[in-house]
Amino acid sequence: MKKQGSEGRGQGSGVRQYIATSAYSIACVLGMLLSFSLITTADARIYIDISSPGARQLPVTIITTGPTKSKEIEWIVKSDLEATGIFEMVDPDVPGAEIIAVLDVDMSGGLKVVLSIKDMIENREVLKKRFDASKIIIRPMAHSIANDIYKVVTGRDGVFRTKISYLKELASGKKELRYMDWDGYNSKRIISRGLTTSHNWSQDGNYLFYSSERKRQWKIYYLDLDNFRESLLFSSNGLNIVGGTSPDGLIAFSSSKDGSSEIYTVNKYGKNLKKLTRAFGIDVSPVYSPDGKTIAFVSDRGGTPQIYIMTSQGKNLRRVTYEGSYNTSPAWSYDGESIAYTGRSDGKFQIFVVQSDGTDLRQLTVSGNNESPSFSPDGIFLVFDSDRDGKRGIYRMRSNGEAQIKITDNIVKAMTPEWSPYLKK
Amino acid sequence: MKKLFVVFLLVFAVSCTKTYTRPSEEEVKPAEEIKEEVMKVEEEAAEDIAYSRDEDIGERDLSPAEVEEMAKTVFSDIHFDYDKYNIRPDARPMLDQVASFMGENGDYNVVIEGHCDERGTNEYNLALGERRAKSTKNYLISLGISSSRISTVTFGEEKPLCIDTSETCWQSNRRAHFVVTGRR
């Protein structure tokens with residue numbers, strides 16, 4: 001969420017220019033987020049190829065030295081790594097670890113951790129990295145460390161410092177927009193004004209788009225995550241609900257400005273409006289494929305709500321789902337080959353995944369009602385909401401349906417999660 | 001053998017990302033002491049939101065005297081079938097009553113709220129609630145009320161009257177609700 005150059009700014013109105021300036025000063029004052037040094041790849045070796053099916057589990061030992069509280073860092077690192085299913089945690093006094101990660105923690109004046117990763121097979125150190133924080137911030141620190149261990153082992157970026165936005169229902173029935181860490185901790189309120197429903201991240205992670213009803217009008221707003229300033233993206237008569245965003249910064253949404261609910265796109269300034277569908281009936285929930293070339297959406301033009309795809313110009317319309325009479329809330333996998341969605345089966349809502357050509361349909365959930373799937377940016381996990389234990393909450397699973405766990409607190413009623421892209425920190 | 005292959009892949013990968021000349025085996029070997037990297041970790045702070053301003057929508061809230069007057073006229077909700085937005089015959093008497101009130105009280109406008117039960121996706125339900133409000137509006141227009149005096153809004157499944165999981169409850173939530181406002 002760190003400001004990256006002038007992306008998304010500079011071309012705007014005078015107001016926007018002013019916002020950008022104040023954003024910069026606020027960001028400076030608060031010293032938000034991180035400076036980064038890239039991991040050197042010169043001595044990289046891939047220990048586990050996570051793209052190959054049935055990859056083995058890598059035995060890893062984590063050793064922590066430092067004050068008692070540093071154990072918390074170790075627990076979080078372990079829990080991050082274990083959630084991926086590709087690590088086997090080995091106690092320090094048990095032999096067999098192929099990788100040993102040593103965390104040397106210093107909490108005297110801020111929080112400093114030196115991470116050293118050793119390859120026990122080749123008996124050499126493969127990464128040494130110092131993490132500095134001015135305050136004792138256990139969770140961001142632990143997730144950053146887990147990301148580096150994951151990167152060394154798999155060669156890929158971990159999602160442990162990504163965020164999940166979601167709605168929390170208050171006792172009054174009102175919903176507020178919040179985001180939290182990938183493991184459900186560190187939840188923060190973002191938007192509480194009006195009635196907020198759909199929400200989604202810009203692909204650069206700098207903005208959150210959402211639809212709010214205020215004074216009986218549904219408009220699309222966005223929040224600049226650098227300075228927490230809200231702006232209006234699009235308003236018109238009728239219902240405007242934000243969908244997904246494209247890699248080049250377009251926003252897809254549905255609007256009933258001309259009567260029936262149709263799919264439109266605008267650029268990040270709310271301009272260059274394009275109407276992509278013209279059908280009697282309800283068209284909602286448009287989401288871009290990762291390459292931005294295809295849009296999946298929901299339409300009841302065939303009599304019941306079903307998932308359709310078309311090009312991002314509104315051409316070559318094809319229906320994807322045929323099973324069942326209620327299929328909604330599509331989400332693309334990171335490789336653009338499959339679509340997860342909510343479908344009704346035997347009177348209950350379940351998460352399904354289907355190839356975008358309609359083949360290879362798989363049901364991932366069975367118990368309770370499960371809705372609103374969203375993929376992690378690496379495609380390894382899905383978040384969704386479920387009422388399987390009585391109270392609706394946010395759950396996470398691997399994208400093949402394994403390891404389903406609730407990540408929001410049991411006392412919280414939470415729904416419609418959206419996973420952020422990788423965030424620039 | 002497998003290891004050799006991995007090393008080969010690695011050499012290839014490194015040559016792709018770092019340089020376009022194939023490095024020798026020597027260059028791939030790590031130095032004895034690897035360079036320590038440094039990363040600053042900070043927590044992002046949630047701040048107060050600077051909300052955007054909403055413009056006036058050309059309606060006014062009722063004055064206390066008007067509210068008292070209006071308390072005598074309470075319109076019941078009309079109801080809809082599951083996943084439908086057509087006006088049911090049982091809704092017509094209430095719509096007649098709303099239309100005759102509006103005909104006699106030119107100072108008032110009406111907002112029609114469309115609502116749905118909790119089942120299904122919020123986004124689809126918002127669109128469905130809008131259709132319910134609009135079909136209600138169209139019916140009032142057919143009874144002679146000017147479209148400029150009727151506005152619509154959908155709340156989808158966001159404002160349920162009842163939160164049980166039963167057909168009775170769902171039926172009471174699938175409704176159009178009438179709110180009388182002042183005319184500017």
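Here is the naming used below: chain letters follow the sequence lines, and residue numbers restart at 1 for every chain.
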* **Atom of Ser144(A), atom of Met39(B) and distance for their closest heavy-atom approach** => OG-CE, 3.8 Å
For a quick test of your reading: what N or O donor-acceptor pairs under 3.5 Å do the side chains of residues 124-133 of chain B make, sequence neighbours left out?
{"from": "Tyr124(B)", "atom 1": "OH", "to": "Asp300(A)", "atom 2": "OD2", "distance (Å)": "3.3"}
{"from": "Tyr124(B)", "atom 1": "OH", "to": "Asp83(B)", "atom 2": "OD1", "distance (Å)": "3.3"}
{"from": "Asn125(B)", "atom 1": "ND2", "to": "Asp117(B)", "atom 2": "O", "distance (Å)": "3.4"}
{"from": "Asn125(B)", "atom 1": "ND2", "to": "Arg119(B)", "atom 2": "O", "distance (Å)": "2.9"}
{"from": "Asn125(B)", "atom 1": "ND2", "to": "Glu157(B)", "atom 2": "OE1", "distance (Å)": "2.7"}
{"from": "Glu130(B)", "atom 1": "OE1", "to": "Ser256(A)", "atom 2": "OG", "distance (Å)": "2.9"}
{"from": "Glu130(B)", "atom 1": "OE2", "to": "Leu239(A)", "atom 2": "N", "distance (Å)": "3.1"}
{"from": "Glu130(B)", "atom 1": "OE2", "to": "Ser256(A)", "atom 2": "OG", "distance (Å)": "2.4"}
{"from": "Arg131(B)", "atom 1": "NH1", "to": "Tyr85(B)", "atom 2": "OH", "distance (Å)": "2.9"}
{"from": "Arg131(B)", "atom 1": "NH2", "to": "Gly281(A)", "atom 2": "O", "distance (Å)": "3.3"}
{"from": "Arg132(B)", "atom 1": "NE", "to": "Lys84(B)", "atom 2": "O", "distance (Å)": "2.7"}
{"from": "Arg132(B)", "atom 1": "NH1", "to": "His115(B)", "atom 2": "O", "distance (Å)": "3.0"}
{"from": "Arg132(B)", "atom 1": "NH2", "to": "Asp81(B)", "atom 2": "O", "distance (Å)": "3.0"}
{"from": "Arg132(B)", "atom 1": "NH2", "to": "Lys84(B)", "atom 2": "O", "distance (Å)": "3.0"}

* Asked: Under a 4.5 Å heavy-atom cut-off, does chain B meet the side chain of Ser192(A), its backbone, both or neither?
  -> both
* Asked: For Tyr82(B), does the OH atom have more than 12 heavy-atom neighbours from other residues, nucleotides or ligands under 6.0 Å away?
  -> yes
* Asked: In terms of heavy-atom contacts, does CG of Asn237(A) have more than 12 from other residues, nucleotides or ligands at under 6.0 Å?
  -> no
* Asked: How would you list, by chain and number, every residue that makes a salt bridge (charged side-chain N to carboxylate O under 4.0 Å, His left out) with Glu158(B), sequence neighbours excluded?
  -> Lys175(A)
* Structure fact -> Of Arg193(A), Lys219(A), Glu230(A), the one forming a side-chain hydrogen bond (donor to acceptor under 3.5 Å, both in side chains) with Ser52(B) is Glu230(A)
* So, Trp218(A) side chain and Thr154(B) main chain: donor-acceptor pair closer than 3.5 Å or not? -> yes
* Is it the backbone or the side chain of Thr416(A) that comes under 4.5 Å from a heavy atom of chain B, or both, or neither? -> side chain
* Asked: Do you know the tightest heavy-atom contact between Val153(B) and Arg216(A)?
  -> CG2-O, 3.4 Å
* Asked: Quick one: what part of Leu111(A) sits under 4.5 Å from any heavy atom of chain B, side chain, backbone, both or neither?
  -> neither
* To do: Select one option (side chain, backbone, both, neither) describing which atoms of Val113(A) are under 4.5 Å from chain B's heavy atoms.
  => neither
* Asked: So how far is it from Ile241(A) CD1 to Asn122(B) CG, rounded to the nearest 0.5 Å?
  -> 9.0 Å
* Relative to chain B, which segment of Ser285(A) carries a heavy atom at a distance below 4.5 Å: side chain, backbone, both, or neither? -> both
* Any idea which of Tyr326(A), Phe349(A), Phe131(A) has the most non-hydrogen atom pairs under 4.5 angstrom with chain B? -> Tyr326(A)
* Mark yes or no for whether Lys134(B), through its side chain, and Gly259(A), through its backbone, hold a donor-acceptor pair below 3.5 Å. => yes
* **4.5 Å side-chain heavy-atom contact, Asp132(A) and Val41(B)** => no
* Taking atom CZ of Arg214(A) and atom OH of Tyr51(B), what is their separation to the nearest 0.5 Å? -> 6.5 Å
